[in-house]
Amino acid sequence: MSQPVTLQQAAVFLCGAQDVFILTHKAPDGDTLGSGFALMHALRQLGKRAAVLCNDPIPARFAYLDPHPDEQSFLPQTVVTVDVADTTLLGDKLQSYVDQIDLSIDHHGSNTGFAEKLLLRADAAANCELVLDLIEAMGVALTPQIADCLYTGLATDTGCFRHTSTTADSHRAAEKLIQAGADLRSIHRRLFESESRGKIALTVAALQSLRYELDGRCATMVLMRDCINQNGVTDDELEGISVLPRQIEGVQVGVTLRQYKSYRGYKVSVRTDGKADASAICGRLGGGGHRGAAGCTFEITDLDEVYRQVLDSVRQELEQQEKLDASL
């Protein structure tokens with residue numbers, strides 16, 4: 001198991017580190033990439049060699065996080081993960097580093113303790129909140145480039161500050177990043193105000209699959225791979241669709257099932273009103289995450305069976321919440 005470290009201990013460790021590889025999770029989102037590139041830019045300010053590695057290609061809409069990418073031309077002396085709760089999330093291409101991870105920087109309470117050292121803040125709405133404090137503890141000045149990276153993760157993981165995980169600390173972090181020069185207008189336009197025609201068509205198809213379950217307290221959508229492919233939508237564009245079922249009035253738990261590229265399984269995204277625990281729902285299915293947003297995966301092709309297992313876990317969670325409410 002990992003040795004828990006404080007913010008200051010992690011900062012001292014990184015200030016003494018050399019030739020750092022920063023590993024992000026597969027199917028990268030704004031928080032893992034924002035954390036990784038912000039830390040990379042901070043380490044380079046300190047005169048160190050640092051590079052971000054990802055199992056999958058970096059989505060084009062996040063290209064501004066590293067506008068002048070360099071070819072990685074060194075071997076790592078230090079390996080760090082950001083926003084990664086378990087080594088399985090690194091993907092196949094990064095598995096060779098699993099036994100070399102010196103420090104995990106994470107905000108998931110489900111972190112499995114795989115690294116030698118663990119800097120964990122489970123109550124942070126975004127991992128970038130923690131990385132912001134870490135960079136300040138390292139004595140690195142917040143440049144507009146670093147601020148853009150950190151704001152990207154903060155905005156995406158909080159749903160532009162709408163998710164129930166958002167706290168006063170989230171807003172204080174945003175204030176610092178705005179003052180440091182984060183380009184909010186450009187970031188919001190790239191991430192929240194521009195969609196491809198293919199994604200719009202796919203969203204329409206997803207809503208046509210909408211089903212209400214458990215007396216309307218749960219809403220589900222299914223994204224089949226053929227439909228995704230026919231609309232020319234890449235997986236990195238799918239962020240945002242999974243929140244739609246939860247936005248329906250009266251729905252406590254929204255579930256989106258997305259078929260893998262290989263057609264041999266499903267990724268399940270769960271969003272809740274914050275009262276029901278998404279992490280508990282997915283935890284029973286081998287996944288994890290946060291109270292308001294979590295996920296899990298199935299390596300089986302029978303959609304009906306996946307649907308049954310997911311719905312059964314949702315039912316258990318809602319029944320537990322009913323019992324808790326009755327006892328108050």
Side-chain angles (χ1 to χ4, degrees), residues 25-32 55-62 88-89 91 156-157 159-160 162-163 191-214 216-248 251-273 276 278-279 281-282 284-290 292-314:
H25 62 66
K26 61 184 178 181
D29 60 11
D31 199 24
T32 194
N55 184 80
D56 302 315
I58 305 300
R61 65 198 184 113
F62 292 120
T88 59
L89 298 174
T156 53
D157 244 33
C160 233
R162 294 176 300 164
H163 292 171
L191 302 183
F192 306 112
E193 298 171 4
S194 178
E195 304 289 3
S196 69
R197 293 187 179 187
K199 182 176 178 181
I200 295 299
L202 182 65
T203 302
V204 172
L207 288 171
Q208 288 174 341
S209 75
L210 186 71
R211 290 170 58 177
Y212 295 102
E213 303 283 3
L214 305 175
R217 294 175 295 166
C218 175
T220 67
M221 291 192 318
V222 178
L223 293 173
M224 301 303 290
R225 180 51 53 180
D226 284 343
C227 186
I228 297 172
N229 292 345
Q230 286 167 8
N231 286 291
V233 178
T234 58
D235 279 14
D236 66 271
E237 289 185 88
L238 297 177
E239 191 173 333
I241 290 181
S242 59
V243 305
L244 297 177
R246 212 335 261 135
Q247 292 176 344
I248 301 168
V251 171
Q252 294 174 254
V253 180
V255 177
T256 303
L257 295 87
R258 183 175 87 215
Q259 192 176 32
Y260 286 156
K261 289 180 181 178
S262 64
Y263 292 83
R264 297 176 182 173
Y266 294 85
K267 175 179 173 59
V268 179
S269 297
V270 177
R271 302 290 184 268
T272 73
D273 58 359
S279 183
I281 292 169
C282 293
R284 284 187 284 269
L285 302 168
H290 304 285
C296 58
T297 58
F298 285 84
E299 304 299 327
I300 59 177
T301 57
D302 187 340
L303 176 58
D304 290 339
E305 178 59 19
V306 173
Y307 196 92
R308 184 195 65 78
Q309 290 189 38
V310 173
L311 198 61
D312 185 58
S313 187
V314 173

Rounded to the nearest 0.5 Å, how far does [atom2] of [Y] lie from [atom1] of [X]?
X	Y	atom1	atom2	value
Glu305	Phe298	CD	CZ	8.0 Å
Arg217	Thr272	CZ	OG1	13.5 Å
Glu195	Arg197	CD	CZ	13.5 Å
Leu214	Gln252	CG	CD	9.5 Å
Thr256	Leu244	OG1	CG	7.0 Å
Thr301	Arg264	OG1	CZ	9.5 Å

side-chain contact (heavy atoms from CB on, under 4.5 Å) evaluation trace for Val268 with Leu285: CA-CA 10 Å; Val268 179; Leu285 302 168; 5.8 Å; no
Compare all side-chain heavy atoms of [X] with those of [Y] and state whether any distance is below 4.5 angstrom.
X	Y	result
Asn231	Lys199	no
Tyr263	Met224	no
Val255	Leu311	no
Asp304	Arg308	no

Main-chain N/O of Ala293 paired with Arg271 side-chain donor or acceptor, under 3.5 Å: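 Such a contact is absent between Arg271 side chain and Ala293 backbone.
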Thr32 (side chain) donor-acceptor with His25 (main chain) under 3.5 angstrom: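 Yes; at least one donor-acceptor contact below 3.5 Å.
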Residue pair Met221, Leu207: steps toward the side-chain contact (heavy atoms from CB on, under 4.5 Å) verdict: CA-CA 7 Å; Met221 291 192 318; Leu207 288 171; 3.9 Å; yes
Side-chain donor-acceptor pair present, Ser196, Glu237, cut-off under 3.5 Å: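 Judged by distance alone, the side chains do pair up.
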side-chain contact (heavy atoms from CB on, under 4.5 Å) evaluation trace for Thr297 with Tyr260: CA-CA 10 Å; Thr297 58; Tyr260 286 156; 2.9 Å; yes
Nearest non-hydrogen partners of Thr156 and Asp31, listed with the distance: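 So the two residues come closest at OG1-N, 3.6 Å.
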